[in-house]
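One structure below.
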Protein chains: 2
Amino acid sequence: MVTIKDLAKEVGVSVATVSRALNSSGYASPDVKRRVLEAAERLDYKPNEVARALNTSCSNVVGVLVPDITNPYFPKVIRGIEDAAIENNYRIIIGNTDHDMDKESKYLEIFRQNNCAGVISATWSVEREEYSDKRPLILLDRVVENHISIESDNLKGGRLQAEHLTRQGADKVLIVKGPEAYSSFNNRSLGAAEMLEAHGIEYETLPYMHLERMLSDGTADFILKFNGIICPNDVTAYKVLNMLRESDVAVPRSVKVIGYDNLDFSEYVYPGLTTIEQPIYELGRNAFGMLMDLNEGKPAQSQVLDVKLIKRQST
Amino acid sequence: MVTIKDLAKEVGVSVATVSRALNSSGYASPDVKRRVLEAAERLDYKPNEVARALNTSCSNVVGVLVPDITNPYFPKVIRGIEDAAIENNYRIIIGNTDHDMDKESKYLEIFRQNNCAGVISATWSVEREEYSDKRPLILLDRVVENHISIESDNLKGGRLQAEHLTRQGADKVLIVKGPEAYSSFNNRSLGAAEMLEAHGIEYETLPYMHLERMLSDGTADFILKFNGIICPNDVTAYKVLNMLRESDVAVPRSVKVIGYDNLDFSEYVYPGLTTIEQPIYELGRNAFGMLMDLNEGKPAQSQVLDVKLIKRQST
DNA sequence: AAATTATATGTAAACGTTTACACAGGTGAT
DNA sequence: ATCACCTGTGTAAACGTTTACATATAATTT
């Protein structure tokens, strides 16, 4: 490994000068700067990130927390973060929390131990004592008091779901709620319920866990009494579609099903899933941008991105 | 941040002693060791990974290269690696290469700059000068001369695909090949072709890119003349199923389709996709284990994991 | 009792950067 | 001619660890 010392010797100046020349920090004569850069090029010098991180106590690594990368929503987010990161000479460390607060805490500690430049979290759900660290934190698709966040317009998304379903003729609607404690899911069902009430449509809500249990127990005939089902995300919708197919219920004739996310797969399931598209990739990209803004002292603001309805065959 | 220095002051010994006590390296009296650990606990001391990595020039971070985390095959692999990593107090940095050699090289450089403990790559396709680094490298689902690798039994998988299809009555078979240059895909089509020949079944092969182009151009009627289609992976099979549905071709009656990977989604597409299951998560887990073995000087060996046929409705 | 060895601890250098500070020479204003 | 200031460079400390080496005491061998 060629170090800054080698460059110094090669050019005949001190390491301090080399550092200044390379980083354009402090003074460095044009001539010396040129020679340093030339030598760096020639010897294929690459700065050691670790040494730099130790000295500045801030690495160019950001920590990313997701519940489970195996859920196809998150790879897209991560890809957005990663692409933005690499463009800015940053890298990401990812951690799967499995909705487990202890795991989350453990990862936060790890990020700190690695002098991470900040954290982007899609798992944060509560105000935390513990995070007294000064490093910036961006919440992704989660809104928590006193934290900067980026999300898509979940309330609007929920409304769009409900509006479309009623427009397609559903008048007995089931709203399947998402996992509790996450603002995004709460807002979706809130928006949907609000819209259904406005239209005077009959509806019930079902907690996420109940549906999961019903589906695995095979006791989901409960949902057969509805002719419209609003799902909190596409993956849940896939399961519902599957269950309906097994029960020989015609979709969309007897029941209309709408999802949320517009994952790539939603066009491959049968029938093609009507859903709400949110700009997942951009959520990740922008989240990283906000982190950079914060690190540069700019006053970053929370963002809300727009969503739109994608019509397919399931409604 | 409480450092080793604070502990030293607290306990009344030197930093060297503290370090030895914490790491159980070198001598440390039971009494001192106890007091150091107690103080570490009490002051909530957490070692700074960066400083450690600088000193030992080896961090507990491993680099992971994948073509694109958005492809649902890879999150599973990554999850396997990540779970194994965290159990061993390691973390992972991931890089998406988009099948681009330059990106791959760039990431390798980054991994080196971060003193990574090793690299697990699902993108490696050729013997490389460049990788003269001594750090261990595990190839995942890729076999390249002179490198340690882990893969599933692709040859067998290909054979299983072909055997099942013929057993279901297909006698005009199309083998869609995977992206060139990757041994795993080559072996799959090789196995399939071999088996078809053994059974005296008529077949053709189609390069991956051709199919992709046909599907996006809408000129894929070429594949309608077959009654059995062997896909290199599940995602490709989804697209084929979709195309067939749009052309009103009955699956499995007129054409039988078989995939490869057994992604979670394959039970949600319609008709449910018959496919070859490979232990994706375990591939990742074991890959990390092999890396650890190498780092401990144990002579690691390449591994080949078993695959099996998953029957569903598409055949 | 002397010599050897094992145990325990401290001192200081090292890892590869960045940066506060000191210093020197040059420029321009007074 | 004096002073202030800007530019360019070097010296050395710092970031938080690990570890080679030196030293000191205790335990064991001869």
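Proteins come first, then strands; the chains are lettered A, B, ... in the order of their sequence lines, and each starts at number 1.
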Take atom [atom1] of [X] and atom [atom2] of [N], then tell me their distance rounded to the nearest Å.
X     : N      : atom1 : atom2 : result
A/L22 : D/dG8  : CG    : P     : 16 Å
B/N48 : D/dC15 : CG    : P     : 11 Å
B/K33 : C/dA8  : NZ    : P     : 10 Å
B/K5  : D/dG16 : NZ    : P     : 7 Å
B/E49 : D/dT18 : CD    : P     : 10 Å
A/R34 : D/dG8  : CZ    : P     : 14 Å
B/D31 : D/dA26 : CG    : C1'   : 16 Å
A/N60 : C/dT18 : CG    : C1'   : 14 Å

Would you call B/K106 and B/D100 a salt bridge, taking side-chain N to carboxylate O under 4.0 Å as the test? no
Any salt bridge linking A/R112 with A/E109? Criterion: basic side-chain nitrogen under 4.0 Å from a carboxylate oxygen. yes
From the options [options], select the nucleotide whose nearest atom is closest to the side chain of [X].
X     : options                : value
A/Y27 : D/dC6, D/dG10, D/dT18  : D/dC6
B/N55 : D/dT17, D/dA20, C/dT17 : D/dT17
A/A16 : D/dA12, D/dT9, C/dA12  : D/dA12
A/R20 : C/dC21, C/dT17, C/dA8  : C/dC21
A/I4  : D/dT18, D/dG8, C/dT18  : C/dT18

Just by modelled atom types, is the B/N115 backbone N or O under 3.5 Å from a matching donor or acceptor in the B/S59 side chain? yes
Please determine whether a side-chain nitrogen or oxygen atom of [X] lies at a distance below 4.0 Å from atom OP1 or OP2 of [N].
X     : N      : result
B/S14 : C/dG10 : yes
A/S29 : D/dG8  : no
A/N23 : C/dT18 : yes
B/T17 : C/dG10 : yes

Between B/G26 and B/L54, whichever has its closest DNA chain C nucleotide further toward 5' is B/G26
NA contact type, [X], heavy-atom cut-off 4.0 Å: base, sugar-phosphate, or nothing?
X     : value
A/V32 : sugar-phosphate
A/S19 : base
B/A28 : sugar-phosphate

Does some side-chain heavy atom of B/I93 sit less than 4.5 Å from a side-chain heavy atom of B/V64? no
Can you tell if the side chain of B/P279 reaches within under 4.5 Å of the side chain of B/R285, non-hydrogen atoms only? no
Which of B/R34, B/R35, B/R42 passes salt bridge (charged side-chain N to carboxylate O under 4.0 Å, His left out) with B/E38? It is B/R42
